[in-house]
Amino acid sequence: REMDFREEHLDIGGSGEAVIFRASKRAVTIIDLDFDKEIKDKRANCITMDACDMEFENGRFQTVTSFYTLMYMGDSDVRNAFRECYRVLEDGGDFYIWDLCSEIEGQLLIVPITVKYKKTSRNLSFASNEITKMRDREYYVVLLKEIGFEVILDRVEGESVFLHAVKRG
């Protein structure tokens, strides 16, 4: 869907397919531990950084996005990343998540998706074997609420989940 992210925008793990960067019209700060590809564009500020221990000040961003990144994290890292996202978001800031939604655990999971933006359509696949317990819609919603987010929208389509949460301070 066409989304116009707010001005101060952080994308977690966005170097792989750079989907969020391509979909955004604004400048994006992208953090990743291992950049698949260097994004050479003045709109991209690429920083090698762990989402579980960000070096940004509190309330720095208006929007945080995570596009099929959580599936590469263990459960404790997902919790820590959510805490850090909450911390670096300003009050009223938006957290958008697109990720795996599966009741399968302990094996390689492959998620094929079609991404549509700016009159472009791309077929992508993401695979991970980091899932050690079920990651269904409820997994994400409960975790977000425990940390303090208000979940505005949670939608499951096939093996994918989309969540929109807001920091209420």
Side-chain angles (χ1 to χ4, degrees), residues 3-101 109 111 113 115 117 122 124-133 135 139-152 160-169:
M3 297 184 84
D4 187 16
F5 303 111
R6 291 162 59 188
E7 192 64 38
E8 294 296 327
H9 180 179
L10 172 65
D11 188 33
I12 307 294
S15 76
E17 296 293 334
V19 169
I20 299 299
F21 171 74
R22 289 183 177 129
S24 178
K25 299 171 184 130
R26 302 177 187 268
V28 180
T29 298
I30 301 168
I31 66 169
D32 208 321
L33 283 176
D34 184 21
F35 279 84
D36 295 347
K37 302 173 204 162
E38 185 179 346
I39 301 170
K40 295 181 180 178
D41 188 292
K42 65 181 181 179
R43 287 190 308 111
N45 177 20
C46 298
I47 303 169
T48 301
M49 188 182 300
D50 187 344
C52 298
D53 186 24
M54 294 187 227
E55 299 170 17
F56 302 114
E57 66 272 8
N58 296 348
R60 164 78 170 77
F61 296 97
Q62 296 174 328
T63 303
V64 175
T65 52
S66 176
F67 189 86
Y68 290 90
T69 298
L70 303 173
M71 66 186 287
Y72 298 105
M73 296 180 185
D75 291 316
S76 64
D77 285 342
V78 171
R79 178 179 297 280
N80 290 335
F82 280 8
R83 280 190 185 121
E84 280 293 276
C85 289
Y86 189 87
R87 184 185 65 76
V88 302
L89 266 173
E90 68 179 22
D91 289 345
D94 298 298
F95 186 19
Y96 296 101
I97 300 166
W98 298 260
D99 218 289
L100 169 78
C101 184
L109 298 170
V111 182
I113 64 167
V115 177
Y117 55 88
R122 295 177 62 204
L124 304 170
S125 290
F126 298 95
S128 175
N129 59 1
E130 290 293 323
I131 310 302
T132 58
K133 68 180 188 183
R135 295 223 182 143
Y139 168 86
Y140 297 104
V141 169
V142 167
L143 192 54
L144 287 164
K145 287 181 177 180
E146 283 177 5
I147 290 166
F149 283 103
E150 177 184 346
V151 178
I152 302 299
S160 297
V161 64
F162 169 72
L163 299 116
H164 175 197
V166 175
K167 178 180 178 178
R168 300 286 188 215

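What you see below is based on every heavy atom in this structure, not just the backbone, and it leaves out hydrogens, waters and symmetry mates.
- Nearest heavy-atom pair across A165 and L144 is CB-CD1, 4.3 Å.
- No side-chain heavy atom of Y72 sits less than 4.5 Å from a side-chain heavy atom of D77.
- Here the straight-line distance linking atom CH2 of W98 with atom CG of L163 works out to 10.0 Å at 0.5 Å rounding.
- Using a 4.5 Å heavy-atom cutoff, the side chains of F95 and S66 are in contact.
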Validation: residues 52-59 side-chain donor-acceptor distances under 3.5 Å, sequence neighbours left out:
residue: N58; atom: OD1; partner: R87; partner atom: NH1; Å: 2.8

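- Across all their heavy atoms, R43 and R26 have their closest contact at NH1-O, 2.8 Å.
- At least one donor-acceptor pair under 3.5 Å links the side chain of D99 to the backbone N or O of L70.
- Closest approach of G14 to I39, counting heavy atoms only: O-CD1, 4.2 Å.
- Side chains of Y140 and F82 form a contact here, defined as non-hydrogen atoms less than 4.5 Å apart.
- Looking only at side-chain heavy atoms (C-beta outward), V28 and T65 stay at 4.5 Å or farther from each other.
- How far CG of D34 is from OG1 of T48: 8.5 Å, rounded to the nearest 0.5 Å.
- The distance from atom CD1 of I12 to atom CG of D50, rounded to the nearest 0.5 Å, is 9.5 Å.
- Smallest separation of non-hydrogen atoms from A51 and I31: CA-CD1, 3.9 Å.
- Judged purely by atom type and a 3.5 angstrom limit, K167 uses its side chain to pair as donor or acceptor with the backbone of Y86.
- Using a 4.5 Å cut-off on side-chain heavy atoms (C-beta onward), F35 and I30 make contact.
- Not a single donor-acceptor pair under 3.5 Å links the side chain of R60 to the backbone N or O of L10.
- For the pair F149/L89, a side-chain contact is recorded, criterion being any heavy-atom separation below 4.5 Å from C-beta on.
- Contact of the T29 side chain with the E8 side chain is not registered, since no non-hydrogen atoms from C-beta on lie closer than 4.5 Å.
- With contacts defined as side-chain heavy-atom distances shorter than 4.5 Å, the pair S160/Y68 qualifies.
- Applying the salt bridge (charged side-chain N to carboxylate O under 4.0 Å, His left out) test to residues at least two apart or on different chains, the pairs with a partner in residues 139-150 are R79-E146, E150-R168.
- In this structure a side-chain-to-backbone donor-acceptor pair under 3.5 Å is missing from D94 to T63.
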